[in-house]
Amino acid sequence: MKKELFKHIPCGETLPINNTHAVSVSMPSLQDVIDYEEQTPQILEKIKSAYPRFVLHPYLKLLAKYIKNKYKVSNKYEVVLLSSKEAVKIVSNKYFIHNKIDIDEPFGVILVLKGTTQLQKVLTFIQHVGCNLSSRFAQDYLYEVKVIKTKQEEELEDENTALHTVKQTLAKAYKQPIKNIGLAPSGMNAIYSVIRGLKKIQEKNNRTILVQLGWLYLDTMNIVEHHYNRTKKFLDITKLDELESFLKINGLNVSAIITEIPTNPLLQSVDLKRLRELCNKYNIVLVIDATLATPYNLNLKPYADILVESLTKFACGNADVLMGAIILNENFKISHMQGEFFKHLDMVYIKDIQRLAYEIKDYEIRVKKISANTKKLIHYFENCPYIDKIYHCFSKENEKNYKIAIQDDNSYSGLISVTFNKEFRTIYDNLNFAKGPSLGTEFTLLMPYVYLAHYDYISCKKGQEFLKKINLPIDLLRISVGTENIEDIINEFKRVESLIS
């Protein structure tokens with residue numbers, strides 16, 4: 001996005017603008033966000049497309065309708081599309097679904113009775129395991145059967161080299177052999193596959209407890225809870241004494257520890273050296289979600305057994321590809337069991353790989369430009385009169401631990417979260433950056449994090465008390481810093497400063 005796009009972007013517009021495969025959507029006012037969370041009829045008229053795991057893409061709706069007519073499916077059933085036939089087996093076995101008719105398609109189709117609690121459970125499960133059908137796949141299918149007349153024009157890497165380009169870029173960045181890289185149709189499917197693989201491997205050794213370190217992304221926690229009967233959460237990553245005390249008693253029964261570095265949205269970092277020592281002592285697998293760090297800011301090879309990354313974020317940079325990756329670390333013996341982890345990965349559509357292959361070529365340049373901009377924006381915020389608190393990876397509380405693994409002095413994670421000493425709604429509504437879910441984009445993207453990620457907590461007193469307990473402010477603005485001219489970014493914040501002063 002260019003400078004002239006620091007303007008109001010209407011609610012419901014795709015982010016990026018006019019992109020059929022965009023994974024974000026504009027929510028320019030706080031009321032838009034609230035209406036979206038409460039699913040008001042007015043907002044549903046405006047928002048036709050959003051993050052694909054949460055909002056069904058228009059092309060998938062069209063394709064479901066086409067399949068329903070093609071196979072003369074009764075109106076009693078909802079047609080649900082999945083990324084593969086293997087995904088159909090997983091969902092069907094979980095929810096005892098048996099299609100009443102044979103459907104022969106190059107993707108997954110299940111039929112679920114309407115008006116039942118089963119439908120919502122199935123949709124939620126698909127959201128958590130990330131086996132959504134690609135919008136590019138749906139587009140190509142609909143074009144072939146003449147339901148749509150045009151396709152999105154976009155730059156794509158050659159089909160013959162695309163997969164190698166993506167895997168080789170990741171292998172080089174993470175300093176791993178290419179055989180240790182596995183691709184998934186979403187970041188959540190990568191995490192799901194790791195969790196399933198770990199459970200299969202570790203149960204034989206009576207390791208049945210999975211430890212969650214830090215306040216993790218909501219769907220990560222849901223997947224863990226779904227597959228492990230025994231879990232333990234340590235929400236404060238700075239209190240490793242508590243983890244150590246737990247491991248003294250239960251360490252030999254712990255399957256893995258899963259964490260994020262840095263955490264989203266408060267940008268906290270664990271003491272990696274001490275955590276690795278604890279994992280070594282009790283022979284525990286350490287899984288790190290490195291999406292916010294990227295391999296160009298942090299070198300996690302000495303610490304993580306397994307890394308996962310949502311390639312939808314910084315690796316893509318344009319918010320128009322849904323994909324994830326598992327990176328197995330050759331330094332640790334678990335990496336020799338690729339089959340147990342990669343066999344659970346769902347299929348990735350070739351056009352998505354081609355698109356990411358085109359975008360990932362600029363991954364390192366993009367990350368370093370964003371890092372440089374982040375550093376300068378933090379400096380501005382430190383003297384900005386309407387900023388109350390700044391959360392970033394190099395803050396006084398986080399710097400020591402974050403520096404353990406930094407690649408160089410220009411290794412700022414491209415996220416900043418802030419609170420204000422003025423009314424949150426006024427500031428949010430008046431800032432003219434792109435505003436919506438996701439992060440890691442080349443265009444600066446704002447998100448009222450707690451409203452979009454944890455609205456259920458905001459809407460009840462008990463939830464608000466819990467947010468206070470874990471020190472997660474309701475009125476927190478998460479800023480995914482873009483690659484635009486940093487002076488233009490700062491000037492937009494200054495413009496709002498003049499409005500509210």
Side-chain donor-acceptor pair present, Asn189, Ser186, cut-off under 3.5 Å
no
Close side-chain approach of His379 to Ile486, heavy-atom, < 4.5 Å:
no
Quick note, salt bridge (Lys or Arg N to Asp or Glu O under 4.0 Å) partners involving residues 295-308, not counting sequence neighbours, are Arg276-Asp305, Lys301-Glu330
Main-chain N/O of Gly482 paired to Thr444 side chain as donor or acceptor, under 3.5 Å
yes
Quick one: salt bridge (Lys or Arg N to Asp or Glu O under 4.0 Å) partners of Glu244, sequence neighbours excluded?
Arg274
Quick one: which residue pairs count as a ring pair (Phe, Tyr, Trp, His ring centres under 6.0 Å) with a foot in residues 389-415, not counting sequence neighbours?
Phe394-Tyr402, Phe394-Tyr412
Side chains of residues 250-259: which donor-acceptor partners sit under 3.5 Å, not counting sequence neighbours?
| unit_1 | atom_1 | unit_2 | atom_2 | d |
| --- | --- | --- | --- | --- |
| Asn250 | ND2 | Phe246 | O | 3.2 |
| Asn253 | ND2 | Asn206 | O | 3.1 |
| Ser255 | OG | Tyr228 | OH | 3.0 |
| Thr259 | OG1 | Leu213 | O | 2.8 |

Apply ring pair (Phe, Tyr, Trp, His ring centres under 6.0 Å) to Tyr282 and list each qualifying residue two or more places apart in sequence or on a separate chain.
none
Taking salt bridge (Lys or Arg N to Asp or Glu O under 4.0 Å) as the test, write out the residues that go with Lys368, two or more places apart.
Asp408
Pairs flagged by salt bridge (Lys or Arg N to Asp or Glu O under 4.0 Å) wherever residues 27-40 is involved - sequence neighbours left out
none
I need the single residue from Leu82, Ile126, Leu56 that forms a side chain to side chain contact (heavy atoms under 4.5 Å, CB included) with Asn132. Which is it?
Ile126
Please identify each residue that fulfils side-chain contact (heavy atoms from CB on, under 4.5 Å) with Lys494, with sequence neighbours left out.
Tyr380, Ile490, Asn491, Glu497
Across all chains, not counting sequence neighbours, the side-chain contact (heavy atoms from CB on, under 4.5 Å) partners of Glu465 are Lys461
On the 0 to 90° scale, with breaks at 30° and 60°, tag the Trp215-Tyr457 ring pair as parallel, tilted or perpendicular.
tilted
Just by distance, do the side chain of Thr291 and the backbone of Glu309 share a donor-acceptor pair under 3.5 Å?
no
Decide, yes or no, whether a salt bridge links Glu340 with Lys204 under the criterion of side-chain N to carboxylate O below 4.0 Å.
no
For a quick check under 3.5 Å, do Gln268 and Thr238 share a side-chain donor-acceptor pair by atom type?
no
Listed by chain and number, what are the ring pair (Phe, Tyr, Trp, His ring centres under 6.0 Å) partners of Tyr428, not counting sequence neighbours?
none
In Å, rounded to the nearest 0.5 Å, how long is the span from CD1 of Ile261 to CG of Leu272?
3.5 Å
Set of salt bridge (Lys or Arg N to Asp or Glu O under 4.0 Å) partners for Glu423, sequence neighbours left out
none
Quiz question: by atom type and distance under 3.5 Å, do the side chains of Ser395 and Glu397 form a donor-acceptor pair?
yes
Short side-chain to backbone donor-acceptor contact, Asp352 and Leu322, under 3.5 Å
no
Within-4.5 Å side-chain heavy-atom neighbours: Asn297 and Gln407
no
Treating Arg207 as the side-chain partner and Ile284 as the backbone partner, does any N or O pair qualify as donor plus acceptor under 3.5 Å?
no
Walk me through it: do Arg196 and Tyr192 pass the test side-chain contact (heavy atoms from CB on, under 4.5 Å)?
CA-CA 6 Å; Arg196 282 201 66 184; Tyr192 164 77; 3.0 Å; yes
For Asp320, does its backbone N or O pair with a side-chain atom of Asn318 as donor and acceptor, under 3.5 Å?
no
Return the set of residues passing side-chain contact (heavy atoms from CB on, under 4.5 Å) with Lys273 (not counting sequence neighbours), or none when no residue passes.
Asp271, Tyr303, Ile404
